[in-house]
Every structure is written in C-alpha cells, then in structure tokens.
> 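Dropping the structure in here first, questions after.
Whatever order the structure lists them in is the order used to number ligands and atoms, beginning at 1.
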Amino acid sequence: MILELDCGNSFIKWRVLESDKVRVFAEGVVDSDAALINGLRSFVTLALKHCRLVSVRASEETSALVAALVDNFGIAVTCAAPSRHMAGVRNGYEDFERLGLDRWLAMLGGFRLASGACLILDFGTAATADFIAADGEHLGGFICPGMPLMRNQLRTHTRKIRYDDASAERALESFVPGRTTVEAVERGCTLMLRGFVLTQLELARSYWGSDFSVFLTGGDAELISDAVPGARLVPDLIFIGLAMACPLS
Ligand SMILES: Nc1ncnc2c1ncn2[C@@H]1O[C@H](COP(=O)(O)OP(=O)(O)O)[C@@H](O)[C@H]1O
Ligand SMILES: CC(C)(COP(=O)(O)O)[C@@H](O)C(=O)NCCC(=O)O
Ligand SMILES: [K+]
C-alpha cells in the first residue's frame with residue numbers, strides 16, 4: 001500500500017492506495033501529524049510499503065513528519081521537489097523553486113487531464129490561480145487569501161465578529177444579503193472568492209478564447225463551483241500530480 005500526503009498550511013490530506021496504485025483503501029483530512037499517525041495506526045489491515053508526499057510547510061516541519069512516518073511505519077518516504085519542467089509543463093516562475101509545490105503538482109495533474117490550455121484554481125488557506133498554455137508553458141498565477149484567512153482576519157481584527165462553525169455552514173445556504181453577522185461575513189467572503197474566479201476566467205478568455213479547461217480543487221472548491229459551470233471539480237488533483245512527480249517503481 002502507498003500512503004499519499006498533501007500537507008497544506010491548514011490541513012494534511014491523506015489517502016492510502018492499494019498495491020495496484022489505483023484503488024483507495026482509506027482517505028481523510030487531519031489537522032496535525034499526531035492525528036495522522038494515530039488515525040493510520042487504527043487500521044488493523046494497513047500494510048504500508050511507501051509514502052509520497054508534498055508539503056508547503058517549513059522544511060523542519062516536513063522533516064519532523066517524515067521522521068515520524070519512518071519511526072512508526074518503517075516506510076521509505078519520497079517528497080515532491082521543485083522542477084523547471086516535467087510532463088510537458090514548464091514552470092513559469094523566475095525562480096522555479098519558489099513556486100508552491102502544491103500549485104506545481106496541481107498544474108501537472110491539470111495539464112495531463114486537459115491536454116491543452118488550462119486554468120487551475122485551488123481554494124485552501126490561500127486561493128491560487130495558475131495559467132498553463134496549450135504548449136505547456138506556465139504563464140504564472142495569482143495568490144490571495146482563501147476562506148480560512150479572510151474569515152480569521154475579520155474575527156481577529158474586529159471586536160464584534162464572533163460566531164461558531166455550525167452557524168457559518170448554515171449561512172451559506174443562500175447568497176442574498178446577510179441579516180446576521182455570520183451571514184454577512186460568510187457570504188461576503190465567498191463572494192470575494194467568486195469575484196476572484198470570474199476575473200481569472202476573463203483573463204483566460206482573453207488569452208485563449210473558449211479553448212481552455214478550468215479545474216477546481218482544494219477544501220473550499222465546492223463553495224465556488226456553481227459560479228463556474230464548465231469547470232471540473234477534481235478534489236484529488238494534487239494527488240494526480242504527486243503520482244506523476246514521485247512515481248514508485
Ligand atoms: N473534510 C474537510 N476537512 C477539513 N477542512 C475542510 C474539509 N472540507 C472542506 N474544508 C475546508 O477547506 C479549507 C481548507 O482547505 P485545504 O485545501 O485543506 O487547505 P490547505 O491545503 O491550505 O491546508 C477550510 O476552509 C476548510 O473549512
Ligand atoms: C500559495 C500557498 C501558500 C498555497 O498554500 P495552501 O493554501 O494550499 O496551504 C503555497 O502554494 C505556497 O506557500 N507557495 C509559495 C509561494 C508561491 O507559490 O509563490
Ligand atoms: K493546497
């Protein structure tokens with residue numbers, strides 16, 4: 001079995017593939033290394049052979065997680081690394097190593113699925129957009145705060161915006177103007193993200209007309225998916241790219 005990890009700034013997304021590398025044995029989202037290790041240890045029939053991971057965390061944090069995985073499961077761990085080009089995609093950053101590895105892997109996965117020009121939108125702690133032309137050239141992208149950051153900034157920098165997670169979820173049942181604080185904030189931040197997306201679509205159209213694919217991924221992708229009817233919601237896009245960047249023979 002293969003353990004796959006996507007270590008974002010807020011959560012670790014994990015899944016375990018059967019040895020055929022296709023079927024999913026188990027998957028989940030956790031908020032700490034300890035929760036990951038304990039969760040995995042609870043599977044009696046787990047038989048891990050390898051782990052591949054991508055991390056946008058500090059290298060010390062990533063090394064600590066790798067050490068814990070080696071200690072607990074005795075597996076070899078492969079970490080995705082930056083690259084100038086791979087699988088037909090050319091990294092467009094001036095300094096290719098500075099491009100977030102989660103963005104890079106989502107781009108590899110998206111370009112493979114699209115086999116043409118594509119716009120990749122990832123809604124995690126940050127929201128990101130990346131543009132890849134039909135010839136595989138990455139034109140660059142945009143980064144802005146995602147839902148968790150926008151909402152937390154409002155909560156921590158105002159005196160009177162306070163609400164719990166359950167009411168936040170209920171607030172998103174509609175997008176009419178809010179009549180409570182939680183509705184006003186949750187809907188307002190979601191509309192900011194939708195506005196971001198519409199701007200990216202306009203730019204993509206100016207480059208490629210209607211000849212491009214749009215991919216949505218990340219924990220909050222569903223919040224904006226109905227704003228982009230033609231887009232493909234691919235929650236495991238980073239894992240698709242991870243398998244490409246870290247093939248296991
Ligand atoms: N099953 C889930 N577990 C945790 N967070 C989730 C889940 N589904 C959606 N989310 C939302 O996804 C966002 C985090 O997205 P994610 O892609 O995990 O971020 P990051 O990669 O930056 O850690 C949060 O706003 C969170 O509320
Ligand atoms: C932009 C990001 C913070 C997104 O991280 P996430 O929201 O997925 O946790 C991450 O890709 C990152 O740290 N990138 C490095 C900076 C850059 O891509 O320019
Ligand atoms: K991410």
Side-chain angles (χ1 to χ4, degrees), residues 4-15 24 26-33 35-36 39 53-62 65 79-84 89 91-110 120-132 138-156 163-172 182 185-194 196-197 200 215-225 233-242 245:
E4 297 186 320
L5 303 176
D6 167 13
C7 308
N9 283 291
S10 302
F11 294 100
I12 301 175
K13 280 66 67 181
W14 65 269
R15 73 179 184 186
V24 176
E27 63 190 326
V29 182
V30 289
D31 63 2
S32 68
D33 293 5
L36 174 70
L53 71 79
V54 57
S55 172
V56 293
R57 300 181 173 192
S59 52
E60 309 80 68
E61 289 174 90
T62 307
L65 174 58
C79 297
S83 151
R84 270 199 192 82
V89 182
N91 188 322
Y93 257 32
E94 286 175 15
D95 179 353
F96 72 96
E97 293 175 307
R98 299 265 172 193
L99 175 70
L101 278 170
D102 53 350
R103 295 172 63 193
W104 176 239
L105 298 187
M107 283 163 47
L108 297 182
I120 319 274
L121 300 163
D122 186 330
F123 301 91
T125 310
T128 60
D130 282 287
F131 293 75
I132 309 171
H138 174 221
L139 306 180
F142 298 96
I143 303 173
C144 73
M147 275 307 267
L149 285 183
M150 287 197 275
R151 145 190 317 133
N152 288 341
Q153 285 296 94
L154 285 167
R155 279 184 188 166
T156 51
Y163 53 83
D164 58 70
D165 292 346
S167 49
E169 210 166 302
R170 279 197 305 277
L172 290 175
V182 60
V185 171
E186 289 293 313
R187 292 176 192 174
C189 293
T190 305
L191 292 178
M192 291 265 292
L193 282 187
R194 290 182 181 211
F196 173 77
V197 167
Q200 308 309 315
F215 293 94
L216 307 178
T217 195
D220 285 320
E222 276 177 48
L223 290 183
I224 54 92
S225 58
L233 182 63
V234 186
D236 64 350
L237 194 61
I238 288 176
F239 286 140
I240 294 173
L242 180 62

> Checking a contact table here: which protein heavy atom is nearest atom 11 (C) of ligand 1, and how many Å away?
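Result for atom 11 (C) of ligand 1: Asp220 OD1, 3.4 Å.
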
> For atom 3 (C) of ligand 2, which of the options Asn9, Asp95, Ile238, Val54 provides the nearest non-hydrogen atom?
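Heavy atom nearest to atom 3 (C) of ligand 2 belongs to Asn9.
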
> Would you check the N or O atoms of Arg103, main chain and side chain alike, for any that come under 3.5 Å of an N or O of ligand 2?
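Yes, Arg103 has an N/O under 3.5 Å of an N/O on ligand 2.
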
> Which part of Thr125 is near ligand 1, with near meaning a heavy atom under 4.0 Å away: side chain, backbone, both or neither?
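Contact part for Thr125 vs ligand 1: both backbone and side chain.
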
> Considering heavy atoms of the protein only, find what lies nearest to atom 19 (O) of ligand 2 and give residue, atom and distance to 0.1 Å.
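The protein heavy atom lying closest is Tyr93 OH, 2.6 Å.
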
> Under 3.5 Å between some N or O of ligand 2 and some N or O of Gly100?
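Gly100 vs ligand 2: N/O contact under 3.5 Å present.
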
> Taking atom types as modelled, find out whether Arg84 and Tyr93 have a side-chain donor-acceptor pair closer than 3.5 angstrom.
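No donor-acceptor contact under 3.5 Å links the two side chains.
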
> Evaluating non-hydrogen atoms only, which member of Pro148, Pro145, Ala126 is closest to atom 7 (O) of ligand 2?
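Ranked by closest heavy atom to atom 7 (O) of ligand 2, first place is Ala126.
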
> In terms of residue, atom name and distance, what is the protein heavy atom nearest to atom 11 (O) of ligand 2?
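Here the closest protein heavy atom is Asp102 OD1, 2.6 Å.
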
> Salt bridge between Asp236 and Lys13, side-chain N to carboxylate O under 4.0 Å?
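No, no charged N to carboxylate O under 4.0 Å.
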
> Looking only at distances, can you tell me whether any N or O atom of Asp122, backbone or side chain, sits closer than 3.5 Å to an N or O atom of ligand 1?
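Between Asp122 and ligand 1, no N or O pair is found under 3.5 Å apart.
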
> Can you find an N or O of Ser10 that's nearer than 3.5 Å to an N or O of ligand 2?
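No: no nitrogen or oxygen of Ser10 is under 3.5 Å from one in ligand 2.
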
> Go through ligand 2 atom by atom and flag the ones less than 4.0 Å from a non-hydrogen atom of Arg98.
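Counting from 1, the qualifying ligand atoms are 15 (C), 16 (C), 17 (C), 18 (O), 19 (O).
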
